[in-house]
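One structure is given here, and the rest of the page talks about it.
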Amino acid sequence: MTTEMLSALERYYDTVPRVGGARAEDFGPLTLFVREGEGWPYYARPSLGGPEASAADVERVLARQRELKVPEAFEWVAENSPSLRAAVEAAGLRVSSHPLMVLESVRPTPAHPDVRVLGADDPLLAAAVTVPMLAFAAPGTALGEAGPTELAAALTDPTVEPRRARVSGQLASGGTGMAAAVRDGVVLCSGQYIPVGDVAEVVGVGTLPAARRQGLALAVTAALVEQALAGGARTVFLSAGDEDVARIYGRIGFRRVATALIAEPVPPAQ
């Protein structure tokens with residue numbers, strides 16, 4: 001079952017960028033996905049059904065990413081491409097590991113009073129697409145500085161409206177689903193799921209650092225799972241930030257099946 005599941009996830013990973021506005025560039029064992037238009041940048045990953053990549057293959061992709069001025073990033077599943085880690089590390093990249101989890105059983109979760117599903121025309125959509133950016137700028141689960149004041153400032157960035165419009169279109173077409181925790185008119189946490197066929201990934205769940213440790217991310221995730229299953233998903237999965245976060249997702253029925261790996265340049269010394 002795990003082998004079949006990993007094969008299904010591999011097909012999903014290869015399809016999502018193609019239907020999400022990315023151009024696929026073929027590098028033999030690797031495929032570079034380049035987003036066209038606004039939105040989160042994509043990455044390179046193993047070509048579906050291709051041979052194992054070498055360090056030289058990785059270097060070719062890195063050169064192209066630098067040429068395009070896009071992030072030098074690779075993402076893959078360790079169990080599906082076991083030798084790629086050595087190749088990217090030989091090219092000088094740093095690899096981080098994240099538990100890859102699949103919903104095994106739906107565990108009853110009381111509806112959170114602050115959490116609701118967002119539609120394409122929701123007036124809080126701009127805030128909902130901005131909150132994860134503030135959350136990921138201060139990774140982890142510890143309380144942080146960024147709160148409603150910082151969110152209000154971030155919403156003045158001219159790039160917010162194109163992102164809002166893109167997600168609004170995806171919501172209208174069924175290409176994504178979104179939920180948020182809202183209190184006193186302020187979005188404190190938000191996230192999305194992206195369906196492809198009967199597989200859906202929960203992505204981009206982030207909480208304003210000042211609003212952490214209230215169970216909001218788990219409540220938003222539970223709402224997204226419910227929405228995805230109601231929409232026809234038979235497999236729902238996600239990548240947890242670390243083992244502590246994975247244990248939290250286990251409370252609502254997720255089980256670790258593999259390890260998602262992300263390779264990026266080593267940050268410069270401070």
Response to the item:
Nearest heavy-atom approach of Leu218 to Ile248 is CD1-O, 3.5 Å
Discussion item. Donor-acceptor check, side chain of Arg255 to backbone of Val257, threshold 3.5 angstrom: yes or no?
Written reply: no
Worksheet item: Do the non-hydrogen side-chain atoms of Arg23 and Leu68 ever get within less than 4.5 Å of each other?
Response: yes
Worksheet item: Do you know which of Phe237, Trp76, Phe33 makes ring-ring contact (aromatic ring centres under 6.0 Å, His included) with Tyr13?
Response: Phe237
Worksheet item: Can you tell me if Thr31 uses its side chain to pair, donor with acceptor, with the backbone of Arg45 under 3.5 Å?
Response: no
Fill in: Shortest non-hydrogen separation from Leu103 to Phe254 and the atoms involved
N-CD2, 3.4 Å
Worksheet item: Is it true that Met133 and Val205 fall in one hydrophobic cluster, defined by side-chain heavy atoms closer than 4.5 Å?
Response: no
Worksheet item: Asp57 side chain to Ser54 main-chain N or O, any donor-acceptor pair under 3.5 Å?
Response: yes
Fill in: side chain to side chain contact (heavy atoms under 4.5 Å, CB included) evaluation trace for Leu48 with Glu10
CA-CA 7 Å; Leu48 192 62; Glu10 197 71 15; 3.8 Å; yes
Practice prompt. Decide, yes or no, whether a salt bridge links Arg11 with Asp14 under the criterion of side-chain N to carboxylate O below 4.0 Å.
Written response: no
Discussion item. Within the supplied structure, the quantity of interest is the number of heavy atoms (other residues, nucleotides, ligands) at a distance under 6.0 Å from Glu226 CD; does it exceed 12?
Written reply: no
Discussion item. Would the distance check show the side chain of Ser83 and the main-chain N or O of Glu52 forming a donor-acceptor pair, the cut-off being under 3.5 Å?
Written reply: no
Discussion item. Applying a strict under-4.5 Å side-chain criterion to I, L, V, M, F, W and Y, I'd like to know whether Val102 and Ile252 cluster together.
Written reply: no
Worksheet entry | Any donor-acceptor pair under 3.5 Å from Glu89 side chain to Ala86 backbone | no
Worksheet entry | Any donor-acceptor pair under 3.5 Å from Ser7 side chain to Thr3 backbone | yes
Worksheet item: Yes or no on side chain to side chain contact (heavy atoms under 4.5 Å, CB included) for Thr235 and Asp198, after CA distance, side-chain angles and deciding distance?
Response: CA-CA 6 Å; Thr235 300; Asp198 62 358; 5.6 Å; no
Discussion item. When you group the ILVMFWY residues by side-chain heavy-atom contacts below 4.5 Å and let the links chain together, are Leu9 and Leu238 in the same group?
Written reply: no
Discussion item. Hydrophobic clusters here meaning ILVMFWY residues chained together by side-chain heavy-atom distances under 4.5 Å, can you tell me if Leu155 and Leu208 are in one?
Written reply: yes
Worksheet item: So, Arg35 side chain and Gly20 main chain: donor-acceptor pair closer than 3.5 Å or not?
Response: yes
Worksheet item: Are any of the side-chain nitrogens in Arg247 or Glu243 under 4.0 Å away from the carboxylate oxygens of its partner?
Response: no
Discussion item. Are Leu30 and Phe74 packed together at the side-chain level, in the sense that at least one heavy-atom pair is separated by less than 4.5 angstrom?
Written reply: yes
Fill in: Steps toward side chain to side chain contact (heavy atoms under 4.5 Å, CB included) verdict (Arg116, Val182)
CA-CA 8 Å; Arg116 63 181 175 86; Val182 182; 4.3 Å; yes
Worksheet item: Is there a side-chain contact between Leu171 and Asp122, using heavy atoms and a 4.5 Å cut-off?
Response: no
Worksheet item: Does Arg163 pair with Glu161 as a salt bridge, N-O distance under 4.0 Å?
Response: no
Worksheet item: Roughly how far, to the nearest 0.5 Å, is CG of Leu100 from CZ of Arg256?
Response: 8.5 Å
Worksheet item: Is there side-chain contact between Pro162 and Arg166, with at least one heavy-atom pair below 4.5 Å?
Response: no
Worksheet item: Do Met178 and Val167 touch side chain to side chain, with heavy atoms closer than 4.5 Å?
Response: yes
Worksheet item: Under 3.5 Å, side chain of Glu79 to main-chain N/O of Thr259, donor-acceptor pair present?
Response: yes
Practice prompt. May I ask you to decide if Val186's main-chain N or O and Asp184's side chain share a donor-acceptor pair within less than 3.5 Å?
Written response: no
Practice prompt. Find out whether Leu93 and Glu264 are in side-chain contact, i.e. whether some heavy atom of one side chain is under 4.5 Å from a heavy atom of the other.
Written response: no
Worksheet item: How about Thr141 and Asp244: do any of their side-chain heavy atoms sit closer than 4.5 Å?
Response: no
Worksheet item: Which value, rounded to the nearest 0.5 Å, describes the distance between Thr207 atom OG1 and Leu134 atom CG?
Response: 11.5 Å
Worksheet item: Do Arg85 and Leu261 have side chains that get closer than 4.5 Å, going by heavy atoms?
Response: yes
Response to the item:
In terms of heavy-atom contacts, Ala180 and Leu118 come closest through CB-CD1, 3.9 Å
Worksheet item: So, Gln214 and Arg183: side-chain donor and acceptor under 3.5 Å apart, yes or no?
Response: yes
Discussion item. Run the side chain to side chain contact (heavy atoms under 4.5 Å, CB included) test on Gln65 and Leu32 for me, step by step, so that the C-alpha distance in whole Å, both residues' side-chain angles and the decisive distance to 0.1 Å come before the verdict.
Written reply: CA-CA 8 Å; Gln65 289 173 321; Leu32 172 60; 3.5 Å; yes
Worksheet item: What's the shortest heavy-atom distance between Cys189 and Val220, and which atoms?
Response: SG-CG2, 3.7 Å
Worksheet item: What heavy-atom pair brings Ala200 and Ala228 nearest, and what distance separates the two atoms?
Response: CB-CB, 4.1 Å
Practice prompt. Taking all non-hydrogen atoms of both residues into account, name the closest pair between Glu145 and Pro209 and its distance.
Written response: N-CB, 4.2 Å
Discussion item. Same cluster or not: Ile194 versus Leu224, using hydrophobic residues (I, L, V, M, F, W, Y) connected whenever any side-chain heavy atoms lie under 4.5 Å apart?
Written reply: no
Item to complete: Give a yes or no on whether the backbone of Phe27 and the side-chain of Arg64 come within a donor-acceptor separation of less than 3.5 Å.
Response: no
